[in-house]
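See below for the structure under consideration.
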Amino acid sequence: RVLDAGDELRARDLYVEAVNSAVDGKIPSAEAQEERLAEAARLNPFVGEPLTVLAQCQLVRGDFAAAEETAARALELHSCWGTSWDKRMRWGGWVAWTRVMLGRARDRETWPESAWAAVNLGLVR
């Protein structure tokens, strides 16, 4: 399949809107952010970053099955590319973050709600 240039641009714009949180000066709801990320992933099914962020959103609301499926697909895409699409973070960072999402989904653990809990994500058990 060849990615349509219009789909690629729309996917990028939806992703940027979702991760930057503010659209037209307003902060969208969590549902709107998830919708943007899901649509970005549908329009450009070849990159993992929208799926990684979507998996985090799914973890926040406790949808572990969806988060596990989404994170697994994101990890597969990251592994296929070997480079990041969203260059704000290195490829290894995206892979590590996605692995954390996948592990938390499998362990049925929601995303941390505090900065201290997030710092402890690297804690070895």
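- Nearest heavy-atom pair, Ala65 versus Arg108, reported as atom, atom and distance to 0.1 Å: N-NH1, 4.4 Å.
- The two residues Met89 and Ser84 have their closest heavy-atom pair at O-OG, 3.2 Å.
- Paired with Thr98 under the rule side chain to side chain contact (heavy atoms under 4.5 Å, CB included), one option of Thr70, Leu75, Leu51 passes, and it is Leu75.
- In plain terms, the two heavy atoms of Val47 and Leu77 that are nearest each other are O-CD1, 3.4 Å.
- Under the 4.5 Å side-chain criterion, counting only non-hydrogen atoms from C-beta, Val53 is in contact with Trp97.
- Here the side chains of Asn44 and Pro50 are not in contact, with every heavy-atom distance at 4.5 Å or above.
- Here the closest non-hydrogen pair linking Leu102 and Ala72 is CD1-N, 4.0 Å.
- Atom OG1 of residue Thr110 and atom CD of residue Gln56 lie 11.0 Å apart, to the nearest 0.5 angstrom.
- Atom CZ in Arg42 sits 7.0 Å away from atom CG in Asp7 (nearest 0.5 Å).
- In this structure Trp91 satisfies the ring pair (Phe, Tyr, Trp, His ring centres under 6.0 Å) test with no other residue, sequence neighbours excluded.
- For the salt bridge (Lys or Arg N to Asp or Glu O under 4.0 Å) test with Glu68, the passing option among Arg104, Arg73, Arg106 is Arg106; the others fail.
- Arg1 and Leu43 make their closest contact through NH2-O, 3.8 Å (heavy atoms, listed as atom of the first residue, atom of the second, distance).
- Atom CZ of Arg61 is surrounded by more than 12 heavy atoms from other residues, nucleotides or ligands within 6.0 Å.
- Judged by distance alone, the side chains of Tyr15 and Asp86 do bring a donor and an acceptor atom under 3.5 Å apart.
- Ion pairing between Glu49 and Arg12 fails under the 4.0 Å rule for side-chain N and carboxylate O.
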Under the side chain to side chain contact (heavy atoms under 4.5 Å, CB included) rule, what do Phe64 and Asp107 come out as? Steps first, then yes or no, please.
CA-CA 9 Å; Phe64 303 114; Asp107 292 343; over 6 Å; no
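- Atom CH2 of Trp81 is surrounded by 12 or fewer heavy atoms from other residues, nucleotides or ligands within 6.0 Å.
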Side chain to side chain contact (heavy atoms under 4.5 Å, CB included) between Val100 and Trp111: does it pass, once the steps are laid out?
CA-CA 10 Å; Val100 168; Trp111 189 250; 4.0 Å; yes
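- Ala74 approaches Gly48 most closely through the heavy-atom pair CB-O, 3.6 Å.
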